[in-house]
Amino acid sequence: MSRTRRTSLSVTRQPATPPGAGRQAVGTVRPSGGTTRAVTRTLSDDPLGGTVRRTVLPSGLRVLTEAIPAMRSVSFGIWVAVGSRDETGSTTGAAHFLEHLLFKGTHKRGAMEISSSIEAVGGETNAFTTKEYTCYYARVLDADLPLAIDVMCDLVADSVLEPADVETERGVILEEIAMHDDEPGDEVHDLFARAVYGDHPLGRLISGTSDTVTPMTRRQIQTFYRRRYVAPQIVIAAAGNLDHAAVVRLVRQALRGTPLDTDPAPPAPHRPASPAVRTRSARTVVEVKETEQAHIVLGCPAIDRLDDRRFALGVLNNVLGGGMSSRLFQEIREQRGLAYSVYSYASQYADSGVFGVYAGCAPGRVDEVLALTRAELARTAAHGITEAELARGKGMSKGAFVLGLEDTGSRMSRLAKGELLYGNLMPVNELLDRVDAVTLEDVNTLAADLLARPMSLAVVGPFADRDFSA
């Protein structure tokens, strides 16, 4: 969903954090595992960032903030540990449908007031759904943070899901699905996921399909909303010029009397990594379309996000197809001019992952591009990478991570993902050390295992008479 508008920002600053705001609070434990008081502790005081604090409310909802006094804005996000993989077959697309609907109105505000109240102060709001979580966020001047907290908490906690709005937004989503179908460069990734995961939710479209969205009822969406959007499954994160205690107080005020103002409960643990998702044997899938370009993804199942080899995989990915200096980019685009876009990527989930290579090229060149890609993967599996490539791959990983922390939005996301996906926030220096600790043997051992696996192939293009399985 796109609900953004960017403007220049200027603002006055809020007071500094009061003494003692980060001290451990002691709560009384109830039999349910929850506490009757909020529990706050300081997670880090990072020289490369700001002071990070975490409060667990009695309901199990968590609030994390990073105070960065040098910033003049704040990014505020509400992250729900619910995504498309939590849907059943009949509710495929419900998480994304709900994401749209929550902006349509609450018991306090209509859709126009939700959008206009934030835009009137120069802020922006948006939301997105992934396979494992959904995020609603706003970026505002620091002086307008109380407004953003009130609006965003209201729409996530207390939306009404009016029947008329369900029908209106159904039409919007069906148009979004149709638009996605007209983007073969995006569609090929969904085709690849289906080749690897089959009918498992990780292999389905996040948006759902017209066949699942069209008959979906308001009652199904309402049930999904109230069963899944519960306090222990929610992490609120904010980064910028803020005061942690004030953020916690404003969140509690905004949620008071809503369905998220519940009895004491412990926070939900992060999604378990076992049992591992079963993947399908390697296969070739082709979507025949009269496109000007052929779009291909060649890849295989990989590692989950808690696997210690993920740092080595990041380095390997950078060397193979992570930038303009990568092997695949140099061979396929720079030296031979066979494709405009070619890259490799790794996607990781709680209990699975994939590695893939994408290329878009003229249909008549697809055989050559595939042959070169297969040859490079086989060569890397057999002979590994060099010391120079190792150093460059590490530098790319570290640089991308640190440069990605230059704005409040990325810092806010880091807080939420650390809590929601990993159960802890790895300090910046520790993460950089983990990348530095990757050895040539680590990368080459992983390459020998991963890149020698049977590969699935997804193809979108004008190939009615072609058999790529050969």
Side-chain angles (χ1 to χ4, degrees), residues 79-99 127-135 173 176-177 180-181 183 185-213 216 220 224 227-228 233 268-287 295-307 309-310 313-314 317 343-358 416-417 420-423 450 453-460:
W79 298 65
V80 190
V82 176
S84 61
R85 71 172 300 177
D86 299 300
E87 301 160 348
T88 62
S90 63
T91 60
T92 299
H96 177 250
F97 205 148
L98 181 60
E99 174 222 310
F128 59 88
T129 305
T130 73
K131 295 189 177 183
E132 296 191 317
Y133 55 86
T134 307
C135 172
I173 293 169
E176 184 178 350
I177 292 171
H180 180 78
D181 289 343
E183 296 290 342
D186 294 332
E187 186 182 10
V188 71
H189 292 286
D190 296 324
L191 197 64
F192 174 67
R194 190 157 67 249
V196 173
Y197 292 113
D199 196 43
H200 186 277
L202 288 177
R204 300 175 192 160
L205 292 174
I206 292 173
S207 62
T209 67
S210 58
D211 290 338
T212 63
V213 171
M216 197 175 298
Q220 285 178 300
F224 187 89
R227 286 183 178 175
R228 299 289 186 170
Q233 294 271 45
H270 61 83
R271 196 183 295 268
S274 60
V277 173
R278 294 185 63 179
T279 56
R280 302 204 296 177
S281 58
R283 64 197 58 224
T284 297
V285 289
V286 180
E287 181 74 22
H295 300 269
I296 62 173
V297 174
L298 179 71
C300 61
I303 61 177
D304 64 63
R305 66 166 164 262
L306 293 180
D307 195 309
R309 295 175 294 171
R310 65 189 184 274
L313 178 57
N317 181 61
Y343 59 85
S344 62
Y345 65 95
S347 298
Q348 292 157 349
Y349 308 108
D351 44 10
S352 185
V354 293
F355 171 82
V357 175
Y358 165 83
K417 289 180 180 179
L420 204 63
L421 306 183
Y422 297 95
L450 182 66
R453 296 177 182 179
M455 296 277 173
S456 286
L457 172 66
V459 181
V460 177

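FYI, side chains are in, hydrogens and waters are out, and symmetry mates aren't considered; it's all heavy atoms of this structure.
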Between Leu421 and Tyr133, does the side chain to side chain contact (heavy atoms under 4.5 Å, CB included) criterion hold? Intermediate values first, please.
CA-CA 9 Å; Leu421 306 183; Tyr133 55 86; 3.8 Å; yes
Partner set under side chain to side chain donor-acceptor pair (under 3.5 Å) for [X], not counting sequence neighbours:
X: Glu132; answer: Arg85, Arg305
X: Ser347; answer: none
X: Tyr358; answer: His295

Which pair of heavy atoms, one from [X] and one from [Y], lies closest together, and at what distance?
X: Asn317; Y: Ser344; value: OD1-OG, 2.7 Å
X: Ser84; Y: Pro201; value: O-CB, 4.0 Å
X: Ser352; Y: Val277; value: CB-CB, 4.0 Å
X: Ser281; Y: Ser456; value: O-OG, 4.2 Å
X: Ser207; Y: Ile173; value: O-CG2, 4.3 Å
X: Ala350; Y: Asp304; value: O-CB, 3.6 Å

So do the side chains of [X] and [Y] get within less than 4.5 Å of each other, counting heavy atoms only?
X: Asp190; Y: His180; value: yes
X: Arg453; Y: Phe355; value: no
X: Leu313; Y: Gln348; value: yes
X: Thr91; Y: Phe97; value: no
X: Leu202; Y: Tyr349; value: yes

Can you tell whether the side chains of Asp86 and Arg271 come within less than 4.0 Å, N to carboxylate O?
yes
[X] side chain vs [Y] backbone, donor-acceptor pair below 3.5 Å:
X: Thr212; Y: Thr92; result: yes
X: Arg310; Y: Asp307; result: yes
X: Arg204; Y: Gly93; result: no
X: Thr279; Y: Val196; result: no
X: Glu287; Y: Val460; result: no

Quick one: pull up [atom1] in [X] and [atom2] in [Y] and give me the separation to the nearest 0.5 Å.
X: Thr134; Y: Trp79; atom1: OG1; atom2: CH2; result: 10.0 Å
X: Leu98; Y: Thr129; atom1: CG; atom2: OG1; result: 8.0 Å
X: Leu191; Y: Ile296; atom1: CG; atom2: CD1; result: 12.5 Å
X: Arg280; Y: Arg194; atom1: CZ; atom2: CZ; result: 8.5 Å

Please step through side chain to side chain contact (heavy atoms under 4.5 Å, CB included) for the pair Val80 and Arg228, ending with a clear verdict.
CA-CA 8 Å; Val80 190; Arg228 299 289 186 170; 5.9 Å; no
